[in-house]
Amino acid sequence: MALREWSGKLNGVTKGGKNSIVTAMPTVTAMEVCSCKTDLHNTKTEKGAFMEKREEIIRLWFAMWLKKCDFGILDIFSENAVYVESWGPEYHGSFKIKQWFDEWNRRGSVLQWDIKQYFHKENQSIVEWYFKDTMADGKTEAFDGLSLTKWTQDGRIQFLKEFGCNTDNYDPYQNGCAPQFKENRPMWF
């Protein structure tokens, strides 16, 4: 799917509901995405627009999972991109990333992928999020996470590495000096 078609497809993902993204998604045209500058000029306005374009691409990536629809994977990832999942799998190249996306969405569904906040520095972005999915076998997972993204000069994703964190937090020292850990098995990360 061409970049120019993103805008119409994204309008179906709104704030709230089970397929939501916390941040409101502005409409971005293909020309705006393709003209993303990497030479960060000295004005705050240009830096702000630059970061907004990166955030739009990240929101688009999340929306693809929520909608189970490829809105342009080969357009937002560079040909030699590397994607590392928090539990170990690593995909090399935009075609492998697309293969994984297509295959995973045949056996599972992302129920929620909420963006909490972004951080940007030079050619890197970090997004903090909450994620929940369900698989065809009925298994449901939910966890907090971060994605570290490195960008190419033309504004595409060169590298993306996920980090996961269990949401079932507790104080093992709440009842004294000796830690009391939960008996349940920790998640894969």
Side-chain angles (χ1 to χ4, degrees), residues 1-11 13 20-67 69-102 104-105 110 113-131 143-165 189:
M1 181 168 296
L3 286 171
R4 65 184 169 278
E5 297 177 44
W6 289 1
S7 175
K9 297 295 181 185
L10 286 176
N11 289 335
V13 180
S20 69
I21 296 176
V22 169
T23 311
M25 296 191 313
T27 301
V28 173
T29 65
M31 196 54 111
E32 290 171 324
V33 173
C34 293
S35 66
C36 183
K37 297 178 183 176
T38 56
D39 54 334
L40 296 177
H41 299 285
N42 293 330
T43 67
K44 290 182 181 178
T45 305
E46 288 180 13
K47 285 184 181 180
F50 179 73
M51 289 185 284
E52 286 177 19
K53 289 175 185 174
R54 288 181 175 178
E55 291 173 10
E56 177 65 21
I57 290 171
I58 292 167
R59 286 191 299 270
L60 174 66
W61 177 238
F62 286 22
M64 288 185 205
W65 288 93
L66 290 164
K67 293 289 189 172
C69 185
D70 176 359
F71 298 138
I73 292 171
L74 300 179
D75 295 323
I76 66 169
F77 285 93
S78 69
E79 288 181 18
N80 60 347
V82 175
Y83 195 110
V84 182
E85 288 192 82
S86 57
W87 60 284
E90 185 173 297
Y91 312 102
H92 291 263
S94 56
F95 287 101
K96 281 284 174 92
I97 294 167
K98 179 175 173 30
Q99 177 185 357
W100 161 59
F101 173 87
D102 291 338
W104 190 96
N105 277 292
V110 175
W113 204 351
D114 295 335
I115 294 171
K116 295 181 180 181
Q117 61 184 327
Y118 296 96
F119 299 94
H120 302 282
K121 181 181 178 186
E122 298 169 2
N123 74 328
Q124 300 177 67
S125 299
I126 295 174
V127 59
E128 180 186 11
W129 40 261
Y130 170 79
F131 179 89
F143 55 95
D144 287 321
L146 297 173
S147 294
L148 168 63
T149 306
K150 295 181 182 177
W151 302 90
T152 62
Q153 287 189 346
D154 66 351
R156 297 191 305 158
I157 298 170
Q158 177 66 49
F159 177 83
L160 196 154
K161 186 173 190 176
E162 296 175 348
F163 299 85
C165 184
F189 45 77

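- Side chains of Tyr83 and Glu162 form a contact here, defined as non-hydrogen atoms less than 4.5 Å apart.
- No more than 12 heavy atoms of other residues, nucleotides or ligands sit less than 6.0 Å from atom CZ of Phe95.
- For Ile58 against Ser125, the heavy-atom pair with the smallest separation is CD1-CB, 4.3 Å.
- Evaluation of the ring-ring contact (aromatic ring centres under 6.0 Å, His included) rule for Phe131 yields Trp113, Phe143 as partners, not counting sequence neighbours.
- Checked against the 6.0 Å centroid threshold, Trp151 and Phe50 do not count as a close aromatic pair.
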**Message:** Run Trp104 and Val110 through side-chain contact (heavy atoms from CB on, under 4.5 Å) and show every step you take.
**Reply:** CA-CA 10 Å; Trp104 190 96; Val110 175; 3.9 Å; yes
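- Ile73 and Ser94 get closest at one heavy-atom pair: CG2-O, 4.2 Å.
- Residues passing the side-chain contact (heavy atoms from CB on, under 4.5 Å) test with Tyr130, sequence neighbours excluded: Gln112, Asp114, Lys116, Lys132, Ala142, Asp144, Thr167.
- Taking the charged nitrogens against the carboxylate oxygens, Lys53 and Glu56 have no contact shorter than 4.0 Å, which rules out a salt bridge.
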**Request:** Mind running side-chain contact (heavy atoms from CB on, under 4.5 Å) on Trp61 and Ile97 for me, showing each step along the way?
**Result:** CA-CA 12 Å; Trp61 177 238; Ile97 294 167; 3.9 Å; yes
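- The line from CZ of Phe77 to NZ of Lys98 is 12.0 Å long, rounded to the nearest 0.5 Å.
- Nearest heavy atoms, Tyr118 versus Arg59: OH-CG, 3.3 Å.
- The heavy-atom pair separating Arg156 from Glu79 by the smallest distance is NH2-N, 3.9 Å.
- Put simply, the residue from Thr149, Thr152, Asn80 that forms a side chain to side chain donor-acceptor pair (under 3.5 Å) with Gln158 is Asn80.
- The two atoms that bring Ser86 and Gly164 nearest to each other are CB-N, 3.5 Å, heavy atoms only.
- In this structure, Lys150 forms a cation-pi arrangement with Phe159, its terminal cationic atom sitting closer than 6.0 Å to the ring centre and no more than 45° off the ring axis.
- What you find for Asn123 and Arg54 is that their closest heavy atoms are CA-NH2, 3.5 Å.
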